[in-house]
Amino acid sequence: MARLLEGKPVADKIKEELKRQIGSLKKKPVLASIQAGDNAGSAAYVKSQQKTAQNLGIEYQLHNLNQGINEAELIKFIQKLNSDNTINGIIIQMPLPSQIDYKKISQFIAPEKDAEGMHPANIGKIVFGKANILPCTPAAVMELIKETGVDLYGKEVVVVGHSEIVGKPLSLLLLEKFATVTVCHIGTSKAGKLEEHVRKAEILIVAVGKASLIKGDWIKEGAIVIDVGINRLGDKIVGDVEFEAAEKRAAWITPVPGGVGPLTVTMLMRNLVEAAKLQ
Ligand code: NAD
């Protein structure tokens with residue numbers, strides 16, 4: 001039976017360290033959060049960010065912009081925050097109004113204030129092993145693997161999902177640790193090869209968004225299974241891996257909810273503290 005790899009205890013440890021680092025900064029770090037228009041979709045995230053920030057001694061500034069804002073106006077607003085020396089980090093809440101292209105406008109955040117770690121300059125630094133600001137979800141996965149005490153050097157790691165926010169940057173972080181990385185995606189499934197790759201994974205990370213995509217009996221005995229997926233099934237939230245069957249074979253497995261999720265906000269705050277230190 002697998003041991004549960006829960007996010008909260010890991011997040012708590014990192015938060016203690018962050019509190020110490022924040023205490024030694026000259027001033028309280030400030031995170032500016034931009035919300036545009038209808039905020040029902042981002043309300044829960046904002047609330048959890050506010051709570052975490054307050055707990056750590058970070059000032060959380062929420063900027064509510066109107067639904068009708070256009071890209072030029074939003075870019076101007078971001079540039080104002082970029083040149084404001086009192087602000088250390090910026091985050092843009094999703095969803096944005098339909099007239100706004102997130103990919104386009106997020107590039108206007110100064111890389112040194114990019115709390116989400118998604119600016120092309122910060123993603124590019126991962127390739128060179130020089131990143132100090134990391135995309136939050138991949139960083140959370142790396143912390144969970146670290147918690148198991150398993151050395152990634154030479155390990156067979158299979159990542160299912162190759163999105164820009166999870167799979168792609170994560171595979172670079174894993175390579176940096178000398179893991180042997182296989183990245184699977186929809187093409188792998190369509191070619192009928194997903195099962196064969198998953199079966200060889202000593203460490204399996206799944207970020208797709210399809211409940212039960214990964215069958216429990218595909219899991220290698222003794223594997224570490226990190227399920228990033230979030231799927232709503234009626235009033236239940238489940239991951240992408242068949243949990244009950246997988247936990248019988250794995251050595252470690254993340255619960256969903258309660259695995260990766262609780263760590264991502266902490267990673268956001270860690271980026272902010274890194275940004276404050278760099279500035
Ligand atoms: P995405 O939609 O951008 O990418 C999905 C990926 O899955 C793609 O690489 C696609 O090729 C692949 N895929 C789709 N169908 C597949 C199939 N049948 N077989 C193999 N691969 C397939 O998704 P995303 O934004 O990376 O999010 C993925 C999941 O992770 C979602 O459930 C999302 O809610 C969750 N997520 C969780 C957190 C967290 O903090 N826990 C953070 C980000 C995303």
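Ligands are counted one by one from 1 in listed order, and the atoms in each one are counted from 1 as well.
Near V228, the atoms of ligand 1 lying under 4.0 angstrom from a non-hydrogen atom of the residue are 30 (O), 35 (C), 36 (N), 37 (C), 38 (C), 41 (N). Within the listing of ligand 1, atoms 6 (C), 7 (O), 9 (O) sit less than 4.0 angstrom from a heavy atom of G161. The atoms of ligand 1 that sit less than 4.0 Å from any heavy atom of I165 are 25 (O), 43 (C). With ligand atoms numbered from 1 in the order given, ligand 1 contributes 6 (C), 7 (O), 28 (C), 29 (C) to contacts under 4.0 Å with heavy atoms of A207. For ligand 1, the atoms lying closer than 4.0 Å to a non-hydrogen atom of T264 are 40 (O). Below 4.0 Å from some heavy atom of K210 lie the following atoms of ligand 1, by number and element: 14 (C), 15 (N), 16 (C), 18 (N).
Looking only at distances, no side-chain donor or acceptor of K168 sits under 3.5 Å from a matching main-chain atom of I165.
With respect to K80 and D84, no salt bridge is recorded, no charged nitrogen being found less than 4.0 Å from a carboxylate O. Using a 4.0 Å cut-off between charged nitrogen and carboxylate oxygen, E143 and K146 count as a salt-bridge pair.
C184 does not count as a contact of ligand 1, since none of its heavy atoms falls under 4.0 Å from the ligand. Using a 4.0 Å cutoff on heavy atoms, V166 counts as a contact of ligand 1.
Partner N88 forms a side chain to side chain donor-acceptor pair (under 3.5 Å) with one of K277, E112, Q279 and no other, that one being Q279.
Within the 4.0 Å heavy-atom criterion, both parts of S163, backbone and side chain, lie near ligand 1. If you look at I230 next to ligand 1, the close heavy atoms, those under 4.0 Å, come from the backbone and the side chain alike. When non-hydrogen atoms are compared, ligand 1 lies under 4.0 Å from neither the backbone nor the side chain of D240. At a 4.0 Å heavy-atom cut-off, ligand 1 touches L213 through the side chain alone.
For atom 12 (C) of ligand 1, the nearest non-hydrogen atom from the set I186, V206, V141 comes from I186. Among S189, A140, P135, the residue whose heavy atom sits closest to atom 17 (C) of ligand 1 is S189.
Side-chain contact annotation: E17 with Q21, donor-acceptor N/O pair under 3.5 Å present. Counting only N and O atoms by type, the side chains of Q49 and Y60 include a donor and acceptor under 3.5 Å apart.
Distance CG/L144 to CG/D227: 11.5 Å, rounded to 0.5 Å.
Alongside Y102, the hydrophobic cluster contains V30, I34, L65, I69, L74, I75, F77, I78, L81, I87, I90, I92, M94, L96, I100, I105, F108, I109 (criterion: ILVMFWY side chains under 4.5 Å).
Residue, atom and distance of the protein heavy atom nearest to atom 21 (N) of ligand 1 are H185 C, 3.2 Å. The nearest protein atom to atom 14 (C) of ligand 1, hydrogens excluded, is given as V208 CG1, 3.6 Å; this is a heavy-atom distance. Protein heavy atom in closest approach to atom 8 (C) of ligand 1: H162 ND1, 3.7 Å. At the shortest separation from atom 42 (C) of ligand 1 among protein heavy atoms lies T137 OG1, 3.2 Å. The nearest heavy-atom contact from the protein to atom 31 (C) of ligand 1 is G209 CA, 3.8 Å.
The salt bridge (charged side-chain N to carboxylate O under 4.0 Å, His left out) test applied to K13 returns E147, not counting sequence neighbours.
L62 and I91 end up in the same hydrophobic cluster when Ile, Leu, Val, Met, Phe, Trp and Tyr side chains are linked at under 4.5 Å.
A 4.5 Å side-chain heavy-atom check between V208 and I214 finds every atom pair outside the cut-off.
Taking each heavy atom of A140 and M267 in turn, the nearest pair found is N-CG, 3.7 Å.
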